[in-house]
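All of these numbers come straight from a predicted model, not from anything done at the bench.
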Protein chains: 2
Amino acid sequence: MLEKSHKHVTCATCSARKNSLFGTYGESEVIDLNHEKMCNYYKKNQPLFVEGSFPRGVFCLNQGKVKVFTRGDEGKEQIIHIAKAGDVIGFRSMFSGEPYKVSASTLEESNICFIGKDDFLLMMESNPILRNGIIKELSKELGDRAQFITNMAQKSVRERLAFSLLILEEIYGEEEINLTREDMANFVGTATETLIRLLKDFKEDEIIEIHTRKLQIVNREKLLRIAGR
Amino acid sequence: MLEKSHKHVTCATCSARKNSLFGTYGESEVIDLNHEKMCNYYKKNQPLFVEGSFPRGVFCLNQGKVKVFTRGDEGKEQIIHIAKAGDVIGFRSMFSGEPYKVSASTLEESNICFIGKDDFLLMMESNPILRNGIIKELSKELGDRAQFITNMAQKSVRERLAFSLLILEEIYGEEEINLTREDMANFVGTATETLIRLLKDFKEDEIIEIHTRKLQIVNREKLLRIAGR
DNA sequence: CTTAAAACATGACCATTATCAGTTTTAAGT
DNA sequence: ACTTAAAACTGATAATGGTCATGTTTTAAG
């Protein structure tokens, strides 16, 4: 449970900032940054932005998890990415000039700061390190998505689930993986029923432990083997 | 058939340049660009770069088509993107510092210019318009790939083929679509046999015309309906 | 503490699509 | 023009995984 006090975050003491795009900022830049951002508390399942709308700024996660997803023709979500503390999201469309092609919602209660479009673009113009960090980030994600596409096209659901669990483990770190079955299915790209059956298999094979909603990997080796490489 | 003379291209008269990243270049910049680039003729199926290696520069297509692909665990290709004249490819990994996550090979005989890494990065530093163009391009592709992932996860092969044919039509423009069945299958993300059967269906439904290797869309409306949206 | 709704789970069924094993056609090189 | 290899195609078969129907558990709200 997040304290209400968490609502007010200062960039100088923000532990998430260290491994964020703003991790290299010096003292005076942090003060400026802190001045420009607004911080908000979000409940579970609150939208940050929605596919089709135009961006007004970027979101910087201080605490919590956010799913980034698109909807297919039948409205089913496909989760593209799960953002965690320190991640900055929503800048893609600001550069392309297009409306958002993805939506983003909190997966749990979160503290998230907002930096307006103009402020952010100005920072980018004047700060080559930030700029290069963003270019690097865009490029890295582009590579990840190429692999994501290939996995979707060529791996079985079982293999994709193994792969996804390994990614989720990285995202959740010390915490247990905590997603609804539906969200996990939408990340793996399968039907909820299929996902539930496969989780049961993995549990019986002693690859994972299931604690109702939460989930823990107990045999990473096996998962790696199933995921293929 | 490309003339041997096509091998030597000057940026000033390069028709592909107009709608490329360098489209906004002024006269003196074009002269510099021309000085920095090297132009080469490629036969069909020649690699430009290979997954896992490190980039030495970027490739600018003057004429021809190039497939950008990754290989899955069993070595099967998944085509992520097909580049045409005017497209600049291979810059992603230069920014991320990682090795290439994709490979690129010519699909037909092509004239392709090369700009060395240092020259290119220098141009980027000194030219905000180029820089912003690249950021925009990266962002746009990121959006496209989110949709690609969703299509892979949620659409049937039939729907994906329809979708892919519409994309291929844009890429090939006036020319007829000209890909081996295997390449097309690797773009759609399916088995070659399945692709062949579906093409036959589409032909019988008078959606496409097949001229041995080449292929033409005759009913775009139907394709749009099948592709969904 | 109760109750309704959401999430989770399981079974039965079948359509889609991959795989394998071939044959025919096309293209490329000598 | 002839030879050969690669590409295109066809058919049969099987399994993966989606859908629907239904029951159970968990969670959240009053």
**Student:** Want to settle it: does B:Ala153 or B:Asn45 sit nearer the 5' end of DNA chain D, counting the closest nucleotide to each?
**Tutor:**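 Residue closer to the 5' terminus by nearest nucleotide: B:Asn45.
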
**Student:** Measure up the A:Tyr100 and A:Phe49 rings against each other and bin them: parallel (under 30°), tilted (30 to 60°), perpendicular (over 60°).
**Tutor:**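 Judged by the thresholds at 30° and 60°, the geometry between A:Tyr100 and A:Phe49 is parallel.
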
**Student:** In whole Å, what is the span from the NZ atom of B:Lys76 to the C1' atom of C:dA18?
**Tutor:**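 So the NZ-C1' distance, B:Lys76 to C:dA18, works out to 10 Å.
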
**Student:** Send over the distance from A:Leu195 CG to C:dT10 C1', rounded to a whole Å.
**Tutor:**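 Nearest whole value for this atom pair: 14 Å.
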
**Student:** Kindly point out which of D:dT26, D:dA8, C:dT10 is positioned nearest to the side chain of A:Lys200?
**Tutor:**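 Of the options given, the side chain of A:Lys200 lies nearest C:dT10.
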
**Student:** Rounded to the nearest 0.5 Å, how far does CD of B:Glu182 lie from CG of B:Leu195?
**Tutor:**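 It comes to 10.5 Å.
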
**Student:** Between B:Asn40, B:Leu61, B:Val9, B:Ile89, which is the residue that forms a side-chain contact (heavy atoms from CB on, under 4.5 Å) with B:Ile112?
**Tutor:**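 In the set B:Asn40, B:Leu61, B:Val9, B:Ile89, the residue that makes a side-chain contact (heavy atoms from CB on, under 4.5 Å) with B:Ile112 is B:Leu61.
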
**Student:** Can you check the B:Leu215 CG to D:dA8 C1' distance for me, whole Å?
**Tutor:**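 After rounding, the gap between these two atoms is 13 Å.
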
**Student:** With both distances under 3.5 Å as the test, what is the Watson-Crick or G-U wobble partner of C:dA4?
**Tutor:**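 Matched C:dA4 with D:dT27 under the 3.5 Å cut-off.
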
**Student:** Under 4.0 Å, heavy atoms only, any strand: does B:Arg197 hit a base, just the sugar-phosphate, or nothing?
**Tutor:**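 Touches a base.
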
**Student:** Kindly say if A:Thr190 contacts the phosphate of D:dG18, meaning a side-chain N or O under 4.0 Å from OP1 or OP2.
**Tutor:**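 Checking D:dG18 against A:Thr190, a side-chain N or O does come within under 4.0 Å of OP1 or OP2.
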
**Student:** Given atom CD1 of A:Ile210 and atom C1' of D:dT25, what is their separation to the nearest angstrom?
**Tutor:**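 Going from A:Ile210 (CD1) to D:dT25 (C1'), I get 14 Å.
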
**Student:** Taking the six-membered ring for Trp, are B:Phe22 and B:Phe120 parallel (under 30°), tilted (30 to 60°) or perpendicular (over 60°)?
**Tutor:**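 Correct class here is perpendicular.
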
**Student:** I'd like to know if B:Glu193 reaches the base of C:dC20 with its side chain such that a donor and an acceptor end up less than 3.5 angstrom apart.
**Tutor:**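 Under the 3.5 Å cut-off, the side chain and the base do form a donor-acceptor pair.
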
**Student:** Let's test this: given Watson-Crick or G-U wobble pairing with both distances under 3.5 Å, identify the partner of D:dG11.
**Tutor:**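 The answer is C:dC20, by the H-bond criterion.
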
**Student:** Rounded to the nearest angstrom, tell me the gap between atom CG in B:Leu199 and atom P in D:dT10.
**Tutor:**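 Atom CG in B:Leu199 sits about 11 Å away from atom P in D:dT10.
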
**Student:** Heavy atoms from C-beta onward define the side chain here; which of C:dC8, C:dT17, C:dA21 lies closest to that of A:Arg213?
**Tutor:**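 Among C:dC8, C:dT17, C:dA21, the one nearest the side chain of A:Arg213 is C:dC8.
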
**Student:** Counting any heavy atom closer than 4.0 Å, what does A:Thr192 reach on the DNA or RNA strands: base, sugar-phosphate only, or nothing?
**Tutor:**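 Touches nothing.
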
**Student:** Once you round it to whole Å, what is the distance between C1' of D:dC9 and CE of B:Met184?
**Tutor:**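 In whole Å, D:dC9 C1' lies 14 Å from B:Met184 CE.
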
**Student:** Using a 4.0 Å heavy-atom cut-off across all strands, classify A:Thr194 as base, sugar-phosphate, or nothing.
**Tutor:**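 Here A:Thr194 touches the bases of the nucleic acid.
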
**Student:** Please state how far atom CD in B:Glu182 lies from atom P in C:dA18, giving the value in whole angstrom units.
**Tutor:**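 Spelled out: CD on B:Glu182 to P on C:dA18 is 14 Å.
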
**Student:** Mind calculating the distance between NZ (B:Lys44) and P (C:dA27) to the nearest angstrom?
**Tutor:**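 Those two atoms, NZ and P, are 9 Å apart.
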
**Student:** Which listed nucleotide (C:dT17, C:dT26, C:dA18) is nearest to the side chain of B:Ala191?
**Tutor:**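 The nucleotide sitting nearest to the side chain is C:dA18.
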
**Student:** Please say whether more than 12 non-hydrogen atoms of neighbouring residues, nucleotides or ligands are located less than 6.0 Å from NZ in A:Lys76.
**Tutor:**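 More than 12 within 6.0 Å, yes.
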
